[in-house]
**Student:** 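Structure incoming, see below.
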Number of protein chains: 2
Amino acid sequence: MTTTPWRIPKTKHGHKTFDHIIACGKKLFSSKGFQATSVNDIIAESGVAAGTFYIYFNDKLALYTYILNDYKKKIRDTIHQDTKHCLNRRDLEREGLKSFIRFAYQDNLAYNIIWESLFIDKSIFQDYYENFAQRYVEGLKKSHAQGEVRDVDFETLSWMLMGIANFVGLQVLFRVHVTEEELDRVADSVLDILEHGMFKRPIGS
Amino acid sequence: MTTTPWRIPKTKHGHKTFDHIIACGKKLFSSKGFQATSVNDIIAESGVAAGTFYIYFNDKLALYTYILNDYKKKIRDTIHQDTKHCLNRRDLEREGLKSFIRFAYQDNLAYNIIWESLFIDKSIFQDYYENFAQRYVEGLKKSHAQGEVRDVDFETLSWMLMGIANFVGLQVLFRVHVTEEELDRVADSVLDILEHGMFKRPIGS
DNA sequence: TCATAATATGAATAAACGTTCATGTTGATA
DNA sequence: TATCAACATGAACGTTTATTCATATTATGA
């Protein structure tokens, strides 16, 4: 039996408090970052007593871990929802990229909270991306078997694609407003390069 | 006249103390991260009195800013040194990638300190990457003019290439040991994909 | 040699922090 | 309505934190 650093409430009323603390935590982590947010801040924001926080969470890290796990699922689900209609690898990459950036834009805590884990507990960060890469590799292998993807180092390709999504995501996130048209334009640019490479071929090849 | 949050010493002896504090700061930021390191930690590590720290630095952030600026130059210089012999864009990308990863591996504080800035002061992070992207765009435009690079969205391509370097770098950094051969192999994989794309072309195209 | 600017000290202060726990309240069930 | 587990409280405690400042030391060149 494994125990979590948080405690799931047993009554409806408890759930309300629990959820409220989480909502306030998200809000503060999102605006100030994890490290800059104190337990006192969370207590003040949520209006509960100090002791109440510790009924549900061992400490600040426990709340962070809970929220992070939440987002892991949410990101996967969102991308899955947005790409399940895709019939080929090109569409899958395009829609996956758009889905990731859109998600990060709509709720930038999702983005921050995973990156920040690198400075809270490196193993959380490493686990997250290695797991993501592993799934990516499996998908790419399937697409390769179906003749859609070239025979390359799939692990490196996975990390390349994650890097592209994250940094192109950043580029977009630095803008004030992001429209669906911009998202399409950026995704098209990326896919064009993933399709034809970045270099001009010598004439006649 | 602009003032820095740090104070350059005026004697040889002062420089010794100044440099020693910086070295200890680097060591601690590198192992524990910026946020987890307190001024007290730096004082204890360096063996100077509390007041001495404040002779040279306004606060912890000032020391961080100093180190960050140092690394900015160092990264640029290192990549420049390692790529100045390159005669074409392919070589430039390949050697630049290897240089970046090698640098990050040898001194992973350089890597951490820039990423962590996202959670210390977003504008530092944004400035750094937007500046880097801008230089990248200029370089790509030149290579395009010389017929080496296809006509694509250079800004998006810049962010893609930065994302690739950063994440493929991470992938490599997660390993315990990194050899020059591995670096070559990974760089070749990346360049192969940047050259030919990731997708298989339909037969006859 | 003396004057003085630069450098160094570390006890002291106050604010912020995480966490505990004795006490109180609630609501469902028997 | 009596009981009891779940939930909630917030004053209180000990710790860590950043920062100051009166005092001391050092090195140099006038």
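A, B, ... follow the sequence lines: proteins, then strands. Residue 1 opens every chain. The basis for the numbers below is simple: all heavy atoms, side chains too, and nothing from hydrogens, waters or symmetry mates.
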**Student:** Quick one: bend of the helix from C:dT1-D:dA30 to C:dA30-D:dT1 from 5 pairs per end, to 10°?
**Tutor:** 10°

**Student:** Map B:His13 and B:Asn40 onto DNA chain D by nearest heavy atom, then report which one ends up closer to the 5' terminus.
**Tutor:** B:Asn40

**Student:** Could you say whether A:Asp41 or B:Ile8 is positioned toward the 5' end of DNA chain C, judged by the nucleotide with the nearest heavy atom to each?
**Tutor:** B:Ile8

**Student:** Which whole-number value in Å describes the distance from A:Phe53 CZ to C:dC21 P?
**Tutor:** 17 Å

**Student:** Got a list of side-chain donor-acceptor pairs under 3.5 Å for residues 11-22 of chain A, not counting sequence neighbours?
**Tutor:**
residue: A:Thr11; atom: OG1; partner: A:Gly14; partner atom: N; Å: 3.0
residue: A:Thr17; atom: OG1; partner: A:His13; partner atom: O; Å: 3.3
residue: A:His20; atom: ND1; partner: A:Ser46; partner atom: O; Å: 3.4

**Student:** Would you call A:Arg185 and B:Asp153 a salt bridge, taking side-chain N to carboxylate O under 4.0 Å as the test?
**Tutor:** yes

**Student:** Is the distance from OP1 or OP2 of D:dT9 to the nearest side-chain N or O of A:Thr52 less than 4.0 Å?
**Tutor:** yes

**Student:** Rounded to whole Å, please give me the gap between OH in A:Tyr54 and P in C:dT23.
**Tutor:** 22 Å

**Student:** If you measure only the distance, is there a donor-acceptor pair under 3.5 Å linking the side chains of A:Ser38 and A:Asp41?
**Tutor:** yes

**Student:** Reckon A:Thr17 has a side-chain N or O less than 4.0 Å from the OP1 or OP2 of D:dC7?
**Tutor:** no

**Student:** What does B:Phe18 touch in the nucleic acid at a heavy-atom separation under 4.0 angstrom: a base, only the sugar-phosphate, or nothing?
**Tutor:** nothing

**Student:** Could you state the NZ-P distance from A:Lys16 to C:dT26, rounded to the nearest angstrom?
**Tutor:** 14 Å

**Student:** Between B:Ile42 (CD1) and D:dA18 (P), how many Å, whole number?
**Tutor:** 8 Å

**Student:** What integer distance in Å separates B:Lys10:NZ from D:dG29:P?
**Tutor:** 15 Å

**Student:** Please give, in whole Å, the distance from D:dT19 P to B:Ile43 CD1?
**Tutor:** 10 Å

**Student:** What's the closest nucleotide to the B:Arg7 side chain, out of D:dT19, C:dT7, C:dG18?
**Tutor:** C:dT7

**Student:** What is the distance, rounded to the nearest whole Å, between atom CD1 of B:Ile55 and atom C1' of C:dG10?
**Tutor:** 12 Å

**Student:** Take the protein atom NZ of B:Lys12 and the nucleotide atom P of D:dT26, then report the distance between them rounded to whole Å.
**Tutor:** 19 Å

**Student:** Between C:dA8, D:dA6, C:dG18, which nucleotide gets closest to the side-chain atoms of A:Thr11?
**Tutor:** D:dA6

**Student:** Between C:dT7, C:dC17, D:dA8, which nucleotide has the shortest distance from any of its atoms to the side chain of A:Ser38?
**Tutor:** C:dC17

**Student:** Out of B:Val178, B:Leu97, B:Leu183, which one pairs with B:Arg102 under the side chain to side chain contact (heavy atoms under 4.5 Å, CB included) rule?
**Tutor:** B:Leu183

**Student:** So, A:Asp107 versus A:Tyr71: side-chain donor-acceptor pair below 3.5 Å or not?
**Tutor:** yes

**Student:** Is B:Glu148 salt-bridged to B:Lys142, cutoff N-O under 4.0 Å?
**Tutor:** no

**Student:** So does A:Asp82 pair up with A:Lys98, basic N to acidic O under 4.0 Å?
**Tutor:** no

**Student:** Report the nucleotide, chosen from C:dT19, D:dT19, C:dT9, that has the shortest atom-to-atom distance to any side-chain atom of B:Asp59.
**Tutor:** D:dT19

